[in-house]
Amino acid sequence: MAVRARVAAMRRRLRMADLPAYGWNALLCQGVWASRGFASMNRLTERHCRNSWDWDSCSPLCLSACLRHAWPRPRWPLERSVSDSAQVAPPLHGGTGSANIRSMSDPFALDDEAPASPPPSRASGPRPVPPDAPWLQGLNPEQFQAVTTTDGPVLVLSGAGTGKTKVLTSRLAHILASNLAQPWQCLAVTFTNRAAREMKERVGQLVGPVSDGIWLGTFHSLCLRILRSHAEAVGLGGDFTVLDSDDQMRVLKQVMAEAHVDPKGTPPQGLMATIQRWKDRAVTPDKAAADGGAEGQAKTLYRAYQDRLRSLNACDFGDLLLHVLTVFLSDAEALARWQGRFRYLLVDEYQDTNVAQYLWLRLLAQTHRNICCVGDDDQSIYSWRGAEVGNILRFEKDFPGAKVVRLESNYRSTPHILAAASTLIANNEGRLGKTLRPGIIHEPEAIEKIRTKAVWDGEAEARMVAEEIETLQRRGEKLSSMAILVRAGFQTREFEERLITTGIPYRVIGGPRFYERLEIRDAMAYLRLVVSAADGLAFERVVNTPKRGLGEAAVQTIHMVARAEQVPLLEAARRLVDTDELKPKARQALARFIEDVDRWRSLLESMPHPELAATILDESGYVDMWKADKSADAPGRVENLKELVAALEEYDSLASFLEHVALVMENDSRADLDSVVIMTLHGAKGLEFDSVFLPGWEEEVFPHSRALAESGTKGLEEERRLAYVGLTRARKRVLVSFAANRRIYNQWKSQLPSRFVEELPESHVERSGERGLHGGGLAESKAAWNDPAWSRARFGQPRRETAAAPSWGQAKPRESAGGFKPGARVFHDKFGNGTVLSLDGNKLEIAFDKAGIKKVLDSFVSAV
DNA sequence: GAAAGATTCCTTTTT
DNA sequence: GGAATCTTTC
């Protein structure tokens, strides 16, 4: 392994004598360096750099690693679409996407007021397709039926690994090739951008660039496209903005503040969830009010929130669907137009649709009734965001005469895996019921049983998994064929740390997203404000960033004026400058700010937009603010800003850029590097790997205690489906593990193995554990409580310090009271190293080497 | 008005 | 362990 050799060489170069100076993290960072280029957020590195107060104390090696490689710098999501192929349209939302479609002479181009007449069929009707057509090759009889039954509604019940994407793409190809419809008369809808992209690529391979014209995208992106031409019908301007979750919360908090609702009594998050569930069920404020029920306050706030959004000329994710539904239901002509347009509808992951999406689909399918839904009730794992498995169950009722096709031949997993997954999921009630059977014959020697393994704690688990990965690697398995699938995001940390120390390259899918970064959001707020002066949220965000001396009081005043005069914030500020309302200082600062914004706006036409963006960030002092910032992540932020500007090149204008951003918020790292994937079970749906690691199968973790607490049996069944999804991701082997002890919120807890572990069928499972803990079943692990080691942990005795957590692990509080004497050397998270001058109770006066003399509480420093 | 310091929550999954 | 918020201090 070239990488590993490099790590070894690095370790040699960094002499042990250097360790005290550079710290253990220098070593860790080499691991990072070795796995450079991975888009995962690397917390260790981040922490390291934060701990090193100044960059000079960081080893040059490590520094460059942190700065150039390991620093969180996700790949630009759209990078590929430009470099790889100019002819492939980027994901479909307005902008360049629609431009492409127009060039295909779409008679129903987005903003036209096209007649409701059926589109002219260019060729002479359907054209027969030879049975040896490439997209019909390699289909089994059921798949063939699903692909070629083009007339009328079709429900494809497609178990895991039975080739549902193949069916969908072949079906699209078949429709196009048979000339049953033009590309723009086909609507293919998915849930994730990733799925949309994959489908697009695969259809493109089958039928070529014609596929560009297909209306293919996520529910949200397609709705946005539709809504653009009907915005005024729901009280929005055509240039409305789509808010991301952060902005949504801000709006909601403002609304709550205005209504004098105490955020403590009514947590905004909870209220937001309630509102979103309403929207998932297509419940408008009116309907919510008519609903009855006790949440009177929530309804009022819901209405206020919607009003507020409208006045901001904005909508949130849920609104995209809700508004389109409103348009469809209130404007028969528009509805008829869209209904007439889409001759074929294809729906991926139908079991995940919520009520709003279901209504949307049902409306659109009315005219031609050629709707094909593909789904698997056993993989319904999104009920928490409003998905209704019921949609799949009632399909035949809603579409009488629907053809139901079951795909049960699994082409992915070994018989052991299939058997285990089937047995597990059989514990659920209320299933449509499918039995997966092997669709391919596996070589006997390649078949491994599922393994379960009991381990001591989370760290041991991570170590064990890393060792397994190395073993597999030695056997010639590719790292990219392995995945660690966790229940919740926070579980990734332990594995990341372990993989770094081991030097195994990895990627975390799903972590923090580029556009959600503070600096990116700030920068975009500047752009938004320049593009649309009425964007109050953007104004608020940047008016005092960087600090201009416009504090809360000033902003409040601006708000008051805005409300009183019914004008956007920027306009209110403009008026305010001419009055004496503000203190002279604030007034001056505000005047300058407005002047700047005006100047930037005047450049909109003349200056190329990437340059303009750079100018804005520069002249506003925003970049300088970060450059001056001494905190460890500031340089990374400056880098990110540069990337943002660079990314602008790929768009026609600032406006089209901002348009895309709201919906393509993903952080899709490229898979071209050989690396292990770490992701959540939810994120893994639709993917497959040779080897799958399923750690953390412990009660409370998985099934998650909250799922059980909130939705009881239903919650449990959904968790079980999640387990089913996890198992069926694997082609060749699965390793389920669970720890006896786990640190949760910084507290050690002893854990019981998940009930799912027991539900795995004995004959397909090989169980093993540490310390004579064989089997790992509940009964056996209970017996094992008597093992001294286990009971020690159980009764909360202190755990030995782990070897891997020296320097940074203890940067946090230690035994505090009076542990320091004048002259002692100490370390502080922010200020770095220093010498204690004097004590005053628990306050220390410390002369920091770099930061001067400060008074600090003793709990914030640790002895060096 | 701003920053440092202290405290208090929360921790599932995502377009 | 960390984000968000509150309090204190300059």
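Each chain gets a letter, A, B and so on, in the order the sequences are listed, and its residues count up from 1.
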Do you know the tightest heavy-atom contact between Gln351(A) and Val374(A)?
-> OE1-O, 4.3 Å
State, to 0.1 Å, how close Gly726(A) and Leu681(A) come at their nearest heavy-atom pair, and which atoms those are.
-> CA-CD2, 3.6 Å
Within the structure shown, what part of the strands sits under 4.0 Å from Lys585(A) by heavy-atom distance: base, sugar-phosphate, or nothing?
-> nothing
For Asn544(A), answer base if it contacts any base atom (sugar-phosphate contacts may also be present), sugar-phosphate if it contacts only those atoms, and nothing otherwise; contact means non-hydrogen atoms under 4.0 Å.
-> sugar-phosphate
Residues forming a salt bridge (charged side-chain N to carboxylate O under 4.0 Å, His left out) with [X], sequence neighbours excluded:
X	result
Glu718(A)	Arg721(A)
Arg385(A)	none
Lys685(A)	Glu349(A), Asp352(A)

Return the value, rounded to whole Å, for the distance between atom [atom1] of [X] and atom [atom2] of [N].
X	N	atom1	atom2	value
Leu321(A)	dT15(B)	CG	P	14 Å
Trp360(A)	dT15(B)	CH2	P	17 Å
Arg277(A)	dT15(B)	CZ	C1'	11 Å
Leu320(A)	dT14(B)	CG	P	19 Å
Arg493(A)	dG2(C)	CZ	C1'	9 Å
Leu227(A)	dT15(B)	CG	C1'	15 Å
Arg194(A)	dT15(B)	CZ	P	9 Å
Glu349(A)	dT14(B)	CD	P	14 Å

Using 30° and 60° as the class limits, which term best fits the ring planes of His682(A) and Trp384(A): parallel, tilted or perpendicular?
-> perpendicular
Pairing residues for Phe219(A) by the ring-ring contact (aromatic ring centres under 6.0 Å, His included) criterion, not counting sequence neighbours | Phe191(A), Trp360(A)
Does Lys279(A) have a side-chain nitrogen or oxygen under 4.0 Å from the phosphate oxygens OP1 or OP2 of dT15(B)?
-> no
Anything under 3.5 Å between a protein N or O and an N or O of nucleotides 9-13 of chain B, put it in a table, one pair a line.
unit_1, atom_1, unit_2, atom_2, d
dT11(B), O5', Arg706(A), NH1, 2.8
dT12(B), OP2, Arg706(A), NE, 3.4
dT12(B), OP2, Arg706(A), NH1, 2.4
dT12(B), O2, Arg487(A), NH1, 2.9
dT12(B), O2, Arg487(A), NH2, 2.2
dT12(B), O4, Glu710(A), OE1, 3.4
dT13(B), OP1, Gly489(A), N, 2.6
dT13(B), O2, Trp384(A), NE1, 2.9
dT13(B), O2, His682(A), NE2, 3.3

Is it true that Glu698(A) and Lys749(A) have a side-chain N and a carboxylate O under 4.0 angstrom from each other?
-> no
Pull out every stem in DNA chain B, meaning runs of 3 or more consecutive Watson-Crick or G-U wobble pairs with both distances under 3.5 Å.
-> B:1-10 with C:1-10
Which residue lies toward the 5' end of DNA chain B, Gln248(A) or Ala553(A), if each is placed at its nearest nucleotide?
-> Ala553(A)
Name the residue closer to the 5' end of DNA chain B, choosing between Gly549(A) and Gly318(A) according to the nucleotide with the nearest heavy atom.
-> Gly549(A)
Given the rule in the salt bridge (charged side-chain N to carboxylate O under 4.0 Å, His left out) test, do Arg743(A) and Asp457(A) qualify, once you have shown the distances and angles that lead to the verdict?
-> CA-CA 8 Å; Arg743(A) 193 166 50 182; Asp457(A) 63 6; over 6 Å; no
Taking atom C1' in both dT12(B) and dT5(C), what distance in whole Å separates the two?
-> 24 Å
